[in-house]
Number of protein chains: 4
Amino acid sequence: MPEQDSILEGLFQEEERLTEKQKKIIMAAIESFSEKGYAATSTSEIAKKAGVAEGTIFRHYKTKKDLLMGIVSPMMAKLIAPFVIKDLYKVINHKYEHFEDFLRAMMENRIAFLKNNMPLIRILIQEIPFHPELKEQFKEHIAIKVFERFVTLAEYYQKKGQIIDIPAYSVVRMTFTSIFGFLIARYLILPEADWDDKKEIELTIQFIMHGLSAKD
Amino acid sequence: MPEQDSILEGLFQEEERLTEKQKKIIMAAIESFSEKGYAATSTSEIAKKAGVAEGTIFRHYKTKKDLLMGIVSPMMAKLIAPFVIKDLYKVINHKYEHFEDFLRAMMENRIAFLKNNMPLIRILIQEIPFHPELKEQFKEHIAIKVFERFVTLAEYYQKKGQIIDIPAYSVVRMTFTSIFGFLIARYLILPEADWDDKKEIELTIQFIMHGLSAKD
Amino acid sequence: MPEQDSILEGLFQEEERLTEKQKKIIMAAIESFSEKGYAATSTSEIAKKAGVAEGTIFRHYKTKKDLLMGIVSPMMAKLIAPFVIKDLYKVINHKYEHFEDFLRAMMENRIAFLKNNMPLIRILIQEIPFHPELKEQFKEHIAIKVFERFVTLAEYYQKKGQIIDIPAYSVVRMTFTSIFGFLIARYLILPEADWDDKKEIELTIQFIMHGLSAKD
Amino acid sequence: MPEQDSILEGLFQEEERLTEKQKKIIMAAIESFSEKGYAATSTSEIAKKAGVAEGTIFRHYKTKKDLLMGIVSPMMAKLIAPFVIKDLYKVINHKYEHFEDFLRAMMENRIAFLKNNMPLIRILIQEIPFHPELKEQFKEHIAIKVFERFVTLAEYYQKKGQIIDIPAYSVVRMTFTSIFGFLIARYLILPEADWDDKKEIELTIQFIMHGLSAKD
DNA sequence: GATGAATGAGTGTTCATTCAT
DNA sequence: TATGAATGAACACTCATTCAT
């Protein structure tokens, strides 16, 4: 199941119209935006890093902000695609009989995704607070579409008696929180620490399972 | 117990040497930095908002970065003080016999703190990725000092048989994650949504308690 | 023998890569630096005088100091070239049998040079005290290379019995001093006075010749 | 006859109204102006070096330029005084029977003066090109008054048959040139070189004497 | 007399963007 | 399509100077 999980490569592959220079611009921009932030990165710096003339950037993107959006927007779609389409489908088709299996599959999948797209994710997280359009896009795509699907899923597992009977959106929130809490600590706050990934993932899953178990 | 929980007021109170203008500069800077980010905020904008001449800013802070640090650094100290000193003391003195009581007290305390210092917290969170010095300060003060104390606490409750026997730092990570996950969702991602705070806090506490319960 | 003796024109000719605007910037900078001094000249003033945008200056010269160096450095080379190469050669090839002939030729040559490059020379003289790099360059190129050649020349004429037998470097110092003393009085201190150049030059030469004559 | 030859001390002595702070300001200004030039020296820098508040400078000198003038102007007077009054008198009273004696006395006197007042002299030389008022003062006091006296002296020695019969002002120019050429080389251009002062002075005197000798 | 906070015009420099080539 | 010279507004920061204390 070697899914294409690098947004960048996916982007470059699909859009054949991208020139070599354009690809270099995108890669340079991602590197700089992710390290220094959008506002602190100059277009001339991107041009230099990409090995193109300053003017070339503006041939492809009318403004600097367009460049940011050209990088971040496709990511939004990619970010939600798996949830929306594939995984939900699998669950409904009884692929994941137990919530725990689903949880485990999802964590593995999203960790792989994070690893492959770290700089892009960083940009998204860092820039959302400063760009209302991004915030809006994010809310629409993630906070609503994805959240909705997960609420449906939560209700599915609740009906099966696997999850405690509290509001489904709280279930989702706490699940997300625990998973992303781990990912953030692991990859953003202390990436250089010595992590036993397997064990931490298992502990996190157990924590969620106990926390939401219907047995109690 | 009306503790002084606004960093700003605390700052203004303690340091009597602060001019009226200096206070205005700090307030204006906090507002702008928090809304648009440090890099995207110009000193002239801060001056205008503060109602002072641009030169006045540089009389008090040698550089724009100094201004940022002058705002963020005191916060670091304030941020950890309660954990480090008061709460730990209370726990040791049997004020919180049960982990659940401690959890509830801490959440209430930190929610109040967050409400009173939102813009400052935003700045801290938003700027940490771009300023290595900040990152270092944060790691030193928060990630080490605070984390350490909590690990000690976790071990305390583990010995009392209230918490499951897994590595204490994993206990702390998951507790933090659940609490801050709620706070971030509540105050940063969806502040305008209609939250039933009491209920969500209780659910979060129950989630953590079940997740870490030793009974299982 | 209409040698190209204007540094500026030489510069513009050789370096074909110079834009029209760049030439204007250089000319404006020379004018202002020479009149008001480097430190008291603003880049905006230069831009205005050159009829370009202020940013244009910094496209060609990274800093204001770079602009100064870009103007002054080529002059150093030009300043010493004739001494180092041509004239010494001529002397050795018996072109100037007598010290007096050499002296006369040199004065004429350097006076023409001075006239053609007055503003540049002014900048050099005025700025050397404030810029250690300039001072270093000057010492290396002029005070050492040129001085050395002249010492050799002085020894040559001493051997021929035309010059008194005192340390050669003292001979050079006093010759230089007398010549530049005239040039400074003539062109820098009292340029507006009514000078009989031919006569003064002749007097100066006679003064030096008598002062250094071996006859006594 | 240990004449008071330090302008600064003379200034501080005469003008009793100078406060301690004022003296410190003057000393700090001299140091900075001489090293970095008037234009490149900031008043705040002077204040810091002098250990006074920024405003204090402007209590005593209305503008920064006033400060420069307050330093440089008294020097002008001091610079010419000895020539104008004392030395001329001595010559007329047959103190210096021979031009050579006069020359030797003058060089010794002026070298002592230079050594005691180097920073002030540097300021004068460096700033004259940029300040028309200074230039004017200089011309009036030095170039005219002093020059005039010397012309008279030159004519005196010419009449006595000790100096060649060329225009007296040329005599003066060449004498000045040779003396100041030595002083400039000695104290400004190569102060760190290893000079045999006695010998160089003697050589310079001999050079002038031969150069202007009437014998030839 | 002395202070130092305050000023706002001015500094050198960077910026995103344009456009003729 | 790609270039890079050119722009001028904006930037962070400095300056000489003022003035209430």
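Residue numbering restarts at 1 for every chain, and letters A, B, ... go by the order of the sequence lines. As the structure is a computational prediction, the values presented were derived from the model and not from experiment.
Rounded to an integer number of Å, the gap from A:Glu20 CD to F:dT3 P is 13 Å. Rounded to whole Å, atom C1' of F:dT1 lies 16 Å from atom NZ of A:Lys23. What separates OH of A:Tyr61 from P of F:dT1 is a distance of 14 Å, to the nearest Å. Rounded to whole angstrom, the span from the NZ atom of D:Lys48 across to the C1' atom of E:dA2 amounts to 19 Å. Straight-line distance from the CG atom of A:Leu68 to the C1' atom of E:dA16: 15 Å, rounded to whole Å. Distance CD1 (C:Ile57) to C1' (E:dC15): 16 Å, rounded to an integer number of Å.
By the 6.0 Å contact criterion, NZ on D:Lys65 is enclosed, its count of non-hydrogen atoms from other residues, nucleotides or ligands being greater than 12.
Annotation for C:Asp66 and C:Tyr61: closest pair O-CD2, 3.8 Å, computed over non-hydrogen atoms. Nearest approach of C:Ile57 to C:Thr43, heavy atoms of both residues: CD1-O, 3.4 Å. The two residues C:Phe58 and C:Lys64 make their nearest non-hydrogen contact at CE2-N, 4.1 Å.
Every stem involving DNA chain F, taken as at least 3 paired positions in a row under the Watson-Crick or G-U wobble test at 3.5 Å, is listed here: E:2-21 with F:2-21.
Exactly one residue among A:Phe33, A:Phe138, A:Tyr38 makes a ring pair (Phe, Tyr, Trp, His ring centres under 6.0 Å) with A:His131. That residue is A:Tyr38. When D:Asn117, D:Leu68, D:Ile128 are each tested for a side-chain contact (heavy atoms from CB on, under 4.5 Å) with D:Ile123, only one passes: D:Leu68.
With sequence neighbours excluded, the residues that form a side chain to side chain contact (heavy atoms under 4.5 Å, CB included) with A:Lys139 are A:Ala143, B:Leu190, B:Glu192.
Distances shorter than 4.0 Å separate some side-chain N or O of D:Thr56 from OP1 or OP2 on E:dT3. Note on D:His60: a side-chain N or O is less than 4.0 Å away from OP1 or OP2 of E:dA2.
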Review point. Can you give one letter per nucleotide of nucleotides 12-21 of chain F, 5' to 3': B if a protein heavy atom sits under 4.0 Å from the base, S if only from the sugar-phosphate, - if neither?
Key: BBBSBBB---

Exercise for review: Go through the steps to decide whether D:Lys21 and D:Thr56 satisfy the test side chain to side chain donor-acceptor pair (under 3.5 Å), and finish with yes or no.
Suggested key: CA-CA 8 Å; D:Lys21 304 228 166 199; D:Thr56 308; over 6 Å; no

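When side chains are defined from C-beta on, B:Glu31 does not count as touching B:Pro119, because their heavy atoms never get closer than 4.5 Å.
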